[in-house]
**Student:** 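Got a structure for you, written out below as structure tokens; questions coming shortly.
All residue numbers refer to positions in the sequence shown, counting from 1. Heavy atoms only: backbone and side chains are in, while hydrogens, waters and symmetry mates are out.
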Amino acid sequence: MAGLRLGPLLRYVDREAGDTATVWIEADRPCTAKVRCDDGAGGSSRTFQIAGHHYALVTVTGLRPGSETAYEVLLDGRRVWPLEGSGFPPSTIRTPAGPDEEVRVSFGSCRWAAPAEGEHDPVGPDALDTLAAGLAAAPSAKRPDVLLLLGDQVYADETSQATREWLAARRDLREPPGAEVADYEEYTRLYYESWLDPHIRWLLSTVPSCMIFDDHDVIDDWNTSASWVAQMRATPWWRERILSGLMSYWVYQHLGNLTPAELAADELFAAVRADPDGTDRLRAFAARADSDPARVRWSYRRDFGRVRLLMVDTRAARVLEEDRRAMLDDAEARWLRDQALDGPGSYDHLLIGTSLPWLLPPLIHDAEGWNAALCRGERGGPGGRWARFGEDLRRRSDLEHWAAFPSSFEQLTDLIAEAGSGPSAPATVCVLSGDVHHAYVAEPYWHGGGGPAARVLQLTCSPVHNSIPASIRLGFRFGWSGTGRRLGRFLARHGRADEPRIGWRKTSGPWFGNQLMSLSLRGRSAVLRLDQARARKGGGTGLTTVLERELTEADTTRAARR
């Protein structure tokens, strides 16, 4: 008798016709998975097998626009969801009434799995868990229309005590990679630990989600530089780690990002489903993705009525040779440009999801540009003393954001200006990012005046559930200061780095803590909100709104108490 190991996750809900959705599940044996909705909509799929695990991505059809329907999951005809006695409201699929309906997008990154109930949480309340608890307690409350999880959904290199004990029962942790995950089975453990949390499980079953990886989904500083890759490939354990990381990402995160039409056209998905055991096919795909990243696209586009989302891979698509270093390879850069400029006037808001911020504190931006110049040999030539110093500093200090790829930074800046200009310009162009374990809002200005008609913002929100040392907090604050700016320009001049074509100001923040940002978008209106998870007097936790701001009305801010 088949059982449900993980899920269901509601991944995609059609915002155009409003009649389809996809639901992801993991079962404990081969079976037929069926989703059955109260209103008669539904769908079914046979599971496919990867490394002894069994998965299905069910396309649900027959949904009615402007409706909300509860659903259940059956495996070989037996109901396995909702769980008996769970105490949570029914999992539902909500479809929009039309393309002009408000879209609420909640986003963040960097989430350690929450400890078991009753255990001490050293990093404070989990913002996603707190959101789920609040929504479960008030089923009629407004929910996000989509969750954007912008990287570090799991931490392959920073495992919990419970996972370390589980790993120690499998192998000798004195051998590399020690207490980090080593293979596909160990990656599955990370997803179980994170997504079996009762509140998270219910939330992901009822709120659609879009995901993209960052470094910790594989390893800290993944693809920092060519020499980093060469060093990792020389270790005996890296190949299994990277292939398992890409395989598990494809199964647990990437498949659900795709629309039903994209899934139907995906040759790998068809091959894996047709094969009694798709492990070898998926492993061969992961090997190609690692050896030749330009052959695989992890980035994707989703349209929510008149809101366009472009989720951009800023990890696997990099070009790492120092003389042509780029955040995105040529094909990926063309794809991003084509999607951003497709159908002028067809969207009111452009969201660019990139795990790594485009606009950093100015000192950090200039330090990364200076470091990139040293590494490519602007001082002392390639391979010289300054270049070696730069490479060591790059790895120690995580100098690998858009600013560390100066040509890519300028290309993205130019694309944002072009997409936000002209008579059919959108109201806003927002770059949504995480990674840096704090939240802030930054706005660019174009030297010499001008600039796009759209309001352009860098919206950075992390962590969802993690921590940051006090020394780094001070460093980020200093990075925005006037003294920090001047120090940054000194470093840039030393490295003979070009000055960016734009400047930018921090207009809100920084905030430190576990948090989520939300955008409420309707027509050409955009409202930004930041909520932090905090312990409450008398026990329990809740989300406290620390900022609520209308983005399409200049200088209008409704700031809540910190």
**Student:** Does Arg334 come within less than 4.0 Å of Glu332, counting only side-chain N to carboxylate O?
**Tutor:**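 Answer for the salt bridge query: no.
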
**Student:** So does Arg485 have more than 12 non-hydrogen atoms from other groups sitting under 6.0 Å from CZ?
**Tutor:** yes

**Student:** Flag the pair Arg164 and Glu193 as a salt bridge only when some basic side-chain nitrogen lies within less than 4.0 angstrom of an acidic carboxylate oxygen.
**Tutor:**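 So Arg164 does not pair with Glu193 through a salt bridge.
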
**Student:** When you check the side-chain N and O atoms of Arg549 and Ser508, is any donor under 3.5 Å from an acceptor?
**Tutor:** yes

**Student:** Check the surroundings of atom CD in Gln161: do more than 12 heavy atoms from other residues, nucleotides or ligands lie under 6.0 Å from it?
**Tutor:**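 Enclosed: over 12 neighbouring heavy atoms sit under 6.0 Å from CD of Gln161.
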
**Student:** Going by side chain to side chain donor-acceptor pair (under 3.5 Å), name the residues that satisfy it together with Arg318, two or more places apart in sequence or in a different chain.
**Tutor:** Glu400

**Student:** Suppose we screen for side chain to side chain donor-acceptor pair (under 3.5 Å). Which residues come up paired with Glu185, at least two apart in sequence or across chains?
**Tutor:** His53

**Student:** Determine, step by step, whether Arg295 and Asp290 satisfy the salt bridge (Lys or Arg N to Asp or Glu O under 4.0 Å) criterion, reporting the C-alpha distance in whole Å, the side-chain angles of both residues, the deciding distance to 0.1 Å, and the verdict.
**Tutor:** CA-CA 9 Å; Arg295 298 177 62 181; Asp290 178 50; over 6 Å; no

**Student:** I'd like to check Arg111 versus Val154 (side-chain heavy atoms, cut-off strictly below 4.5 Å). Are they in contact?
**Tutor:** no

**Student:** With a 4.5 Å limit on heavy-atom distance, are the side chains of Tyr184 and Arg283 in contact?
**Tutor:** no

**Student:** Output all residues satisfying side-chain contact (heavy atoms from CB on, under 4.5 Å) with Pro122, sequence neighbours left out; order by chain, then residue number.
**Tutor:** His120

**Student:** Might you work through the salt bridge (Lys or Arg N to Asp or Glu O under 4.0 Å) test for Asp221 and Arg394, ending with a clear yes or no?
**Tutor:** CA-CA 10 Å; Asp221 297 339; Arg394 176 157 60 192; over 6 Å; no

**Student:** Okay, side chain of Ser408, backbone of Met327: is any donor-acceptor separation there less than 3.5 Å?
**Tutor:** yes

**Student:** Enter the distance from Met247:CE to Thr188:OG1 here, rounded to the nearest 0.5 Å.
**Tutor:** 11.5 Å

**Student:** Evaluate the ring planes of Tyr55 and Trp24, with Trp represented by its six-membered ring, and classify them as parallel (under 30°), tilted (30 to 60°) or perpendicular (over 60°).
**Tutor:**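 Geometry flag for Trp24 against Tyr55: tilted rings.
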
**Student:** Pairing donors with acceptors under 3.5 angstrom, does anything connect the side chains of Ser225 and Ser227?
**Tutor:**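 Yes, a side-chain donor-acceptor pair sits under 3.5 Å.
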
**Student:** A quick test of your reading: do over 12 heavy atoms of other residues, nucleotides or ligands sit less than 6.0 Å from CZ of Arg385?
**Tutor:** no

**Student:** Should the heavy atoms of other residues, nucleotides or ligands under 6.0 Å from CZ of Phe478 be counted, would the total exceed 12?
**Tutor:**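 Buried by this count: over 12 neighbours within 6.0 Å.
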
**Student:** Would you check if the distance from the ring center of Phe213 to the ring center of Trp298 is below 6.0 Å?
**Tutor:** yes

**Student:** Under the salt bridge (charged side-chain N to carboxylate O under 4.0 Å, His left out) test, which residues partner Arg301, sequence neighbours left out?
**Tutor:** Asp303, Asp342

**Student:** Would you please test Arg396 and Asp392 for salt bridge (Lys or Arg N to Asp or Glu O under 4.0 Å) and show each step?
**Tutor:** CA-CA 6 Å; Arg396 291 177 183 273; Asp392 180 68; 2.8 Å; yes

**Student:** Does the side chain of Arg529 reach to within under 4.5 Å of the side chain of Leu547, using non-hydrogen atoms?
**Tutor:** no

**Student:** Using a strict cut-off of less than 4.0 Å between a Lys/Arg side-chain nitrogen and an Asp/Glu carboxylate oxygen, indicate whether Arg325 and Glu321 qualify as a salt bridge.
**Tutor:** no

**Student:** Does some side-chain heavy atom of Trp228 sit less than 4.5 Å from a side-chain heavy atom of Arg395?
**Tutor:** yes

**Student:** Inspect the surroundings of CZ in Arg239 and state if more than 12 heavy atoms from other residues, nucleotides or ligands are less than 6.0 Å away.
**Tutor:** no

**Student:** Say whether, by atom type as modelled, one donor and one acceptor occur between the side chain of Thr22 and the main chain of Tyr12 under 3.5 angstrom.
**Tutor:**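 Yes: the side chain of Thr22 pairs with the backbone of Tyr12.
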
**Student:** Among residues two or more places apart or on two chains, list those pairs meeting ring-ring contact (aromatic ring centres under 6.0 Å, His included) that have a residue in residues 307-347.
**Tutor:** none

**Student:** If you define the side chain from C-beta out and look only at heavy atoms, does anything of Leu309 sit under 4.5 Å from Leu350?
**Tutor:**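 They are not in side-chain contact.
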
**Student:** Using a distance-only test with no angle check, is there a side-chain donor-acceptor pair under 3.5 angstrom linking Arg11 and Ser209?
**Tutor:** yes

**Student:** For the CG atom on Asp280, are there more than 12 heavy atoms of other groups (residues, nucleotides or ligands in this structure) within a distance under 6.0 Å?
**Tutor:** no

**Student:** What do the steps show when you test Asn257 against Glu262 for side chain to side chain donor-acceptor pair (under 3.5 Å), and what is the final call?
**Tutor:** CA-CA 9 Å; Asn257 293 329; Glu262 289 167 333; over 6 Å; no

**Student:** Over all heavy atoms of both residues, which pair between Tyr187 and Ala156 is shortest? Give the atoms and the distance, please.
**Tutor:**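 Minimum heavy-atom contact is OH-CB, 3.7 Å.
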
**Student:** Using the side chain to side chain donor-acceptor pair (under 3.5 Å) rule, take Tyr191 and Gln253 through it: C-alpha gap first, then chi angles, then the decisive distance, then the call.
**Tutor:** CA-CA 10 Å; Tyr191 286 101; Gln253 297 191 50; 2.8 Å; yes

**Student:** Calculate, to the nearest 0.5 Å, the distance between atoms CG and CD1 belonging to Leu359 and Ile502 respectively.
**Tutor:**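 So the CG of Leu359 and the CD1 of Ile502 are separated by 5.0 Å.
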
**Student:** In this structure, which one of Trp402, Trp504, Trp480, Trp358 forms a ring pair (Phe, Tyr, Trp, His ring centres under 6.0 Å) with His365?
**Tutor:** Trp504

**Student:** Identify the heavy atoms of His254 and Arg297 that sit nearest to each other, and give their distance.
**Tutor:**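 Smallest heavy-atom distance, with atoms named: CE1-O, 4.0 Å.
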
**Student:** What I want to find out is whether Lys506 reaches Glu443 closely enough, with some N-O distance under 4.0 Å, to be called a salt bridge.
**Tutor:** no

**Student:** Which heavy-atom pair separates Glu378 from Gly495 by the least distance, and what is that distance?
**Tutor:**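 Distance-wise, the nearest heavy atoms are CB-O, 3.6 Å.
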
**Student:** What distance separates Asn371 CG from Leu393 CG, expressed to the nearest 0.5 Å?
**Tutor:**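 Going from CG on Asn371 over to CG on Leu393, the span is 5.0 Å.
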
**Student:** Which heavy atom in Glu368 sits nearest to a heavy atom in Ala404, and how many Å separate them?
**Tutor:** OE1-N, 3.4 Å

**Student:** For Asp157, enumerate each residue passing the side-chain contact (heavy atoms from CB on, under 4.5 Å) test, keeping only those at least two apart in sequence or located in another chain.
**Tutor:** Tyr155, Glu180, His216, Ile219, Asp220, Arg241

**Student:** Using a 4.5 Å cut-off on heavy atoms from C-beta on, say whether the side chain of Ser194 contacts that of Gln153.
**Tutor:** no

**Student:** Please lay out, stage by stage, how Ser433 and Thr460 fare under the test side chain to side chain donor-acceptor pair (under 3.5 Å).
**Tutor:** CA-CA 5 Å; Ser433 307; Thr460 303; 4.9 Å; no

**Student:** For a quick test of reading the model, state the closest non-hydrogen atom pair linking Asp277 to Ala51 and the distance between them.
**Tutor:** OD1-N, 4.3 Å

**Student:** Which heavy atom of Gly503 sits nearest a heavy atom of His447, and at what distance?
**Tutor:**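 Heavy atoms only, the tightest pair is N-NE2, 3.6 Å.
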
**Student:** Should Ser462 and His437 be marked as a side chain to side chain donor-acceptor pair (under 3.5 Å) after you check the CA-CA gap, both sets of side-chain angles, and the distance that decides it?
**Tutor:** CA-CA 5 Å; Ser462 86; His437 289 211; 5.0 Å; no

**Student:** Using a 4.5 Å cut-off on heavy atoms from C-beta on, say whether the side chain of Leu360 contacts that of Tyr440.
**Tutor:**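 Yes, at least one pair of side-chain atoms sits under 4.5 Å.
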
**Student:** Enter the distance from Arg477:CZ to Ile472:CD1 here, rounded to the nearest 0.5 Å.
**Tutor:** 14.0 Å

**Student:** Between Arg315 and Asp215, does any side-chain N to carboxylate O distance fall below 4.0 Å?
**Tutor:** yes

**Student:** Ignoring hydrogens and angles, tell me if any N or O in the side chain of Gln532 forms a donor-acceptor pair with the backbone of Asn514 under 3.5 Å.
**Tutor:**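 Side chain of Gln532 to backbone of Asn514: no pair is present.
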
**Student:** Please determine if Glu186 and Arg189 form a salt bridge, counting it only when a charged side-chain N lies under 4.0 Å from a carboxylate O.
**Tutor:** no

**Student:** Nearest 0.5 Å, what's the CG-OG1 distance between Leu351 and Thr354?
**Tutor:** 13.0 Å

**Student:** Can you tell me how far the CH2 atom of Trp222 sits from the CD1 atom of Ile242, to the nearest 0.5 Å?
**Tutor:** 5.0 Å

